[in-house]
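Below is one structure, written out as structure tokens, with a few remarks after it.
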Amino acid sequence: MSIKTKRILCIIPLLLCIVLFVSVCLAHWKPAWTALDALAPQSELKITPSKKQVAAFEAQNVDFESPYDADECYNITPDFVADHSGYMIFKYERSNETFILYDGQVYRLGEGLGRSNITSVALADLNRDGQYELYFTFLWGSGILRSQIGYFNPANKKVTIFDQSVFISDLMLTVNDSGTLCVNTVTSDYYDIDSSVDYVVKAQEQIGTITFERHRITAQIDQSILDQKPELIQRFENMSVGHKILYKIEMLLYKLGILH
């Protein structure tokens, strides 16, 4: 038997031991974290204001100065958010400015200019890092109102707003039976609410989803569904001539990518 053959025969048991060791390790290995299931209403979200932790929050939120007198701040954190995360959501009733208190720091959400700002919230671990991101929808605008979607990422402590805008309609986040984070329009009774901190919002039809693709969290909205909604068409028809012109200009700028 040649020396080369003997060496090969000696190496084979070693290789078999290595393979066996790796197989056992893989069989018992578990990732350090497990992706969390998305949490959001399936059809209805009730926002109930409270004064819990408001004083502590306002003491922390020293850089904010409301343009309104007697602008009351409320804790509007839904139970499912409070029970499964470290987020606390605070909203000022008159200015609609909304903030979260997370890990001892304050972060601004959405945009309070022109309308109700935050409409709905959801928790999801779409980037699969074992931490819940806080997703939210908000309505704002100084001309034609628009809804957008954003999220707070606890890993880098940043708020990201998706480019997509939906005009003349509020949005609501839901979770379907398969656990997908969905984007829905809202039922018309939402527009009869008297308070931006005490309301119920109900989901209508699904127009999109929020997913993690190509290492990015993305929102996909089907504009064609919105273009065919009778109530949105009627809402446009009820606008004044000036607002119709402004709406068409803003929609053109949006489609050209100049306006988000």
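In this chain, numbering begins with 1 at the start of the sequence shown.
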Please step through side-chain contact (heavy atoms from CB on, under 4.5 Å) for the pair Arg108 and Val159, ending with a clear verdict. CA-CA 8 Å; Arg108 183 172 179 261; Val159 175; over 6 Å; no
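- Under a 3.5 Å cut-off, the side chain of Ser85 and the backbone N or O of Tyr87 do form a donor-acceptor pair.
- Within a 6.0 Å radius of CG in Asp37, other residues, nucleotides and ligands contribute 12 heavy atoms or fewer.
- In terms of heavy-atom proximity, Gln148 sits nearest to Asp163 at NE2-O, 4.0 Å.
- Here CD of Gln105 is found 11.0 Å from CG of Asn61. Values are rounded to the nearest 0.5 Å.
- Between Phe162 and Tyr151, the two ring planes are tilted [angle within 30° to 60°].
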Test Asp103 against Lys157 for side-chain contact (heavy atoms from CB on, under 4.5 Å), laying out the working first. CA-CA 10 Å; Asp103 200 19; Lys157 307 291 198 307; 3.9 Å; yes
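- The closest side-chain heavy-atom distance from Val183 to Gln220 is not below 4.5 Å.
- Within the 4.5 Å cutoff, the side chain of Pro49 has no heavy atoms near those of the Tyr199 side chain.
- By the rule that hydrophobic residues join a cluster once side-chain heavy atoms approach within less than 4.5 Å of another member, Met88 and Tyr107 end up as members of separate clusters.
- Checked by atom type, the side-chain pair Glu97/Ser95 shows no donor-acceptor distance below 3.5 Å.
- Rounding to the nearest 0.5 Å places OG of Ser188 at 9.5 Å from NZ of Lys202.
- Under 3.5 Å, the side chains of Asp222 and Gln206 contain no donor-acceptor pair of N or O atoms.
- Closest of all the heavy-atom pairs between Glu58 and Cys73 is OE2-CB, 3.5 Å.
- Looking only at side-chain heavy atoms (C-beta outward), Tyr135 and Ile217 come within less than 4.5 Å of each other.
- In this structure, the side chains of Arg146 and Trp140 come closer than 4.5 Å at one or more pairs of heavy atoms.
- Residues meeting the ring pair (Phe, Tyr, Trp, His ring centres under 6.0 Å) test with Phe90, sequence neighbours left out: Phe57.
- Looking at Pro41 and Phe80, their side chains come closer than 4.5 Å, going by heavy atoms from C-beta outward.
- Heavy atoms of other residues, nucleotides or ligands lying less than 6.0 angstrom from CG of Asn156 number more than 12.
- Atom CD of Gln60 is separated from atom CG of Leu101 by 6.0 Å, given to the nearest 0.5 angstrom.
- A single hydrophobic cluster is not seen to contain both Ile118 and Val200; linkage of ILVMFWY side chains at heavy-atom distances under 4.5 Å, directly or through other members, places them apart.
- Other residues, nucleotides and ligands place more than 12 heavy atoms under 6.0 Å from the CD atom of Glu213.
- When side chains are defined from C-beta on, Ile207 counts as touching Leu171, because their heavy atoms get closer than 4.5 Å.
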Run the side-chain contact (heavy atoms from CB on, under 4.5 Å) check on Thr180 and Val175 step by step: do they pass? CA-CA 5 Å; Thr180 302; Val175 172; over 6 Å; no
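- The shortest side-chain heavy-atom distance between Leu126 and Glu133 falls under the 4.5 Å cut-off.
- The minimum heavy-atom distance linking Thr77 with Ala82 is given by the pair CG2-N, 3.8 Å.
- Clustering ILVMFWY residues whenever any of their side-chain heavy atoms sit less than 4.5 angstrom apart, transitively, puts Phe136 in the very cluster that holds Leu45.
- A donor-acceptor pair under 3.5 Å is formed between the side chain of Thr137 and the backbone N or O of Ser120.
- Across all non-hydrogen atoms, the minimal contact from Gly110 to Asn117 is CA-OD1, 3.6 Å.
- With sequence neighbours excluded, no residue forms a salt bridge (Lys or Arg N to Asp or Glu O under 4.0 Å) with Arg94.
- Remark: the backbone N or O of Leu39 is not paired with any side-chain donor or acceptor of Tyr132 at under 3.5 angstrom.
- Ring-centre distance between Tyr68 and Tyr92: not below the 6.0 Å cut-off.
- Distance alone, capped at 3.5 Å, places no donor-acceptor pair between the Glu93 side chain and the Ser195 backbone.
- Taking the side chain as every heavy atom from C-beta outward, Glu111 and Phe138 approach each other to under 4.5 Å.
- Counting all heavy atoms, side chain and backbone alike, Pro78 lies closest to Ile89 at CD-CD1, 4.1 Å.
- Annotation: the span from Leu123 atom CG to Leu134 atom CG amounts to 6.0 Å, rounded to 0.5 Å.
- Following chains of ILVMFWY side-chain contacts shorter than 4.5 Å, one cannot reach Val106 starting from Ile76, and the two form parts of different hydrophobic clusters.
- Listed by first and then second residue, the side-chain hydrogen bond (donor to acceptor under 3.5 Å, both in side chains) pairs involving residues 44-57 are Lys51-Glu72 (not counting sequence neighbours).
- Two different hydrophobic clusters hold Ile100 and Phe64 under the rule that ILVMFWY side chains link at heavy-atom gaps under 4.5 Å.
- For the pair Val186 and Gln204, the tightest heavy-atom approach, listed with the atom from each and the gap, is O-OE1, 3.8 Å.
- Atom CG in Asn127 sits 12.5 Å away from atom NE2 in His215 (nearest 0.5 Å).
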Report the C-alpha distance between Ile149 and Ile210 in whole Å, list the side-chain angles of each, state the deciding distance to 0.1 Å, and finish with yes or no for side-chain contact (heavy atoms from CB on, under 4.5 Å). CA-CA 9 Å; Ile149 308 164; Ile210 304 175; 3.7 Å; yes
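- Distance check, rounded to the nearest 0.5 Å: CG of Leu109 to OG1 of Thr98 gives 6.5 Å.
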